[in-house]
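Since we're looking at a predicted model, the values are computed, not measured. In this chain, numbering begins with 1 at the start of the sequence shown.
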Amino acid sequence: LFNINHLRDLSVNDNELDAIPQGLRKCFQLHHLSLARNWINNVDGRELHMLISLKAIDLQDNGCVWFPHQLCDLTGLTSLNMSRNAIPQLPDDLCKMTSLTELDLQRNQIIAIPEAIDKLSKIESLYLQYNHLKDIPPALRNMTHIKRLNFASNLFDVTPGLLSHLTQVVQCNLTRNPLSKVRQTVAKRMKITKPYVTGLEIMEGGVGEEMSLATDNFEAAATQYAKQLAGSGAKTLPITPQYHFGAGCAVVQLSHQNKSRVRRLDAEKELLVEQMEKDKDQTASQALHEAREKRSKRLGEIEDEQLEIREHAGELCEQAEHMLDTGIELLIQARNLGPGLELYYARAQASLASKNPDRAIRDLDHLLAQRKDYEPAMMLRAEARESLGQYPQAHRDCVKASRSKYATRSERQYLEKVRELVDLGMHSVRPAGINSADFQREFEVTPAGTLHRRTIELRHLLVEGESLKRAEIDSRAQKKLVDAQAFERYEDERDDLLAKAHKKRDRYKLTLEKIRSK
């Protein structure tokens with residue numbers, strides 16, 4: 001057999017070999033070698049060392065108790081399967097196999113991965129499930145070509161943080177690990193994402209006072225974000241639109257399931273109709289009559305069920321499309337703004353919609369201090385400033401935003417609309433000089449501008465039933481009341497914590513006195 005010089009593929013699986021066949025080294029053109037499910041518990045690497053053309057080798061389920069070092073010299077190997085053995089550790093020389101694209105080491109007893117694993121820069125699939133791994137070396141983050149990772153059934157007690165650096169990964173399995181800290185991480189993330197998503201949902205259909213609820217939710221999300229950022233010591237925390245993508249995909253899946261359900265019901269319906277046709281040829285009896293009634297009843301139930309599914313089919317598709325669109329918009333926005341800043345942008349939108357432009361301007365000022373070139377924020381600030389009558393500042397924001405080369409069609413239309421209002425407002429003011437303190441231009445309101453503002457106030461009075469001034473006073477009073485209630489709650493919580501601390505201190509003192517007396 002080993003005198004066949006042109007042998008390319010050799011499979012000797014499911015035999016009773018207890019060693020690598022002698023003479024295998026002569027097959028120098030061998031590309032694929034499979035010796036799976038034998039009894040080769042001590043691999044003689046000298047026979048394999050000479051196979052310089054070898055591309056793939058399968059030594060799974062042989063009871064190997066150590067990794068053959070000579071295999072590491074096969075630098076042209078692209079696929080290595082040493083799964084279902086008893087290998088406790090991997091040699092550092094494994095990193096010489098720089099051509100590997102697939103490495104399968106599942107179901108061994110491996111306790112650690114070599115630190116220089118990143119030298120296997122071409123690996124796309126890494127399977128290490130059912131081992132005894134507790135941690136992953138930081139160098140793994142440099143393996144940017146990895147697409148499939150399997151760490152199932154190991155000893156990870158926390159999700160490896162460096163996995164977020166592997167941007168090409170499409171499959172990652174961490175099932176059956178004692179991930180005790182994952183719930184804490186999810187809980188922390190939910191403290192941010194839950195109010196954030198609630199705010200977005202309110203903004204989608206809310207009007208008037210409901211918008212202030214959206215603002216409160218965004219404020220809660222931003223507060224949680226700031227707290228977690230301060231506690232973690234990190235520069236950013238990821239706020240992602242996963243909720244919308246997940247919900248949208250779930251609805252799509254539900255729609256597909258409903259279609260499959262309709263097909264199953266159609267098949268059942270055809271079977272029932274066929275049986276009812278056969279029943280016509282049979283002699284009438286009490287049992288046949290009962291069977292016909294059951295089939296007729298079931299036919300009616302199937303038709304009702306199909307009708308209900310079809311009625312909701314269009315609604316489900318629209319719902320999924322809306323959620324996925326929202327997810328895509330949020331993802332684009334998050335990539336443009338950077339993690340966390342979209343909270344301020346969303347809160348500014350809600351504040352402006354709930355007629356609180358001052359708060360919107362504060363959020364947008366904070367955002368633009370981080371991202372000076374973000375045009376949508378400039379447009380939104382221009383609208384907020386226009387609503388306050390700050391026409392020169394709004395005009396300046398419009399000019400900056402109009403220089404954008406990447407604005408979408410809807411953004412340009414929105415900017416034109418804001419600019420028309422700002423230009424109209426600019427006729428209401430005139431230059432009054434230069435402020436000597438900060439060398440900024442000052443403006444004064446013209447008589448036409450005063451008349452324009454009075455007209456706006458009267459229009460608001462007619463529509464809302466109260467003047468703008470009264471609305472502002474009521475808003476401030478409401479905010480003061482909310483702040484006072486929050487302060488009272490804070491004081492109550494502080495008193496409770498102090499009382500608990502004093503009780504704990506007294507218990508410790510009592511215990512200490514007992515110990516001393518003994």
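Rounded to the nearest 0.5 angstrom, Phe67 CZ and Leu80 CG are separated by 5.0 Å. Of the inter-residue distances, the one linking Ser153 atom OG with His132 atom NE2 reads 11.0 Å to the nearest 0.5 angstrom. Here Leu105 contributes atom CG and Ser83 contributes atom OG; the two are 8.0 Å apart, rounded to the nearest 0.5 Å. With rounding to the nearest 0.5 Å, the separation of CD1 in Ile57 from CE in Met82 is 8.0 Å. Taking CE of Met143 as the start and CD of Glu124 as the end, the distance is 11.0 Å to the nearest 0.5 Å. One distance of note links CZ of Arg84 with CG of Asp104; it measures 9.0 Å at 0.5 Å rounding.
Exactly one residue among Leu133, Ile111, Leu174, Asp135 makes a side chain to side chain contact (heavy atoms under 4.5 Å, CB included) with Asn154. That residue is Leu133.
Nearest heavy atom pair, residue Pro137 against residue Ile117, reads CG-CG2, 3.9 Å. Minimum heavy-atom separation, Val422 to Cys398: CG2-SG, 4.1 Å. Minimum interatomic distance between Asn131 and Arg107 (heavy atoms only, all atoms of both residues): ND2-N, 4.0 Å. Closest heavy-atom contact between Trp39 and Asn62: N-OD1, 3.5 Å. The minimum heavy-atom distance between Leu71 and Met97, with the atom names listed, is O-CE, 3.6 Å. The shortest non-hydrogen separation linking Tyr345 to Pro376 is OH-CB, 3.6 Å.
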Fill in: Glu293 vs His289, side-chain hydrogen bond (donor to acceptor under 3.5 Å, both in side chains): CA-CA, chis, key distance, verdict
CA-CA 6 Å; Glu293 282 189 351; His289 180 68; 3.0 Å; yes
Discussion item. Using the rule given for side chain to side chain contact (heavy atoms under 4.5 Å, CB included), can you reason through Leu33 versus Leu54, listing the C-alpha separation, both sets of side-chain angles and the distance that settles it, and then say yes or no?
Written reply: CA-CA 8 Å; Leu33 174 62; Leu54 203 59; 3.9 Å; yes
Item to complete: Report the C-alpha separation of Ser11 and His32 in whole Å, then their side-chain angles, then the decisive distance to 0.1 Å, and conclude whether the side chain to side chain contact (heavy atoms under 4.5 Å, CB included) test is met.
Response: CA-CA 8 Å; Ser11 177; His32 300 91; over 6 Å; no
Worksheet entry | Derivation and outcome, salt bridge (Lys or Arg N to Asp or Glu O under 4.0 Å), residues Arg148 and Glu102 | CA-CA 9 Å; Arg148 286 167 289 277; Glu102 182 176 354; over 6 Å; no
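At distances below 3.5 Å, at least one donor-acceptor pair connects side-chain atoms of Asn15 with backbone N or O atoms of Val12. Between the side chain of Asp118 and the backbone N or O of Leu120 there is no donor-acceptor pair closer than 3.5 Å.
Glu383 has no carboxylate O lying under 4.0 Å from a charged side-chain N of Lys417, or vice versa, which leaves the two without a salt bridge. The existence of a salt bridge linking Asp61 and Arg37 is excluded, since no basic side-chain nitrogen approaches an acidic carboxylate oxygen closer than 4.0 Å. Taking 4.0 Å as the cut-off between side-chain N and carboxylate O, Glu416 and Arg419 do not count as a salt-bridged pair.
Side chains of Gln275 and Arg295: a donor on one and an acceptor on the other come within 3.5 Å.
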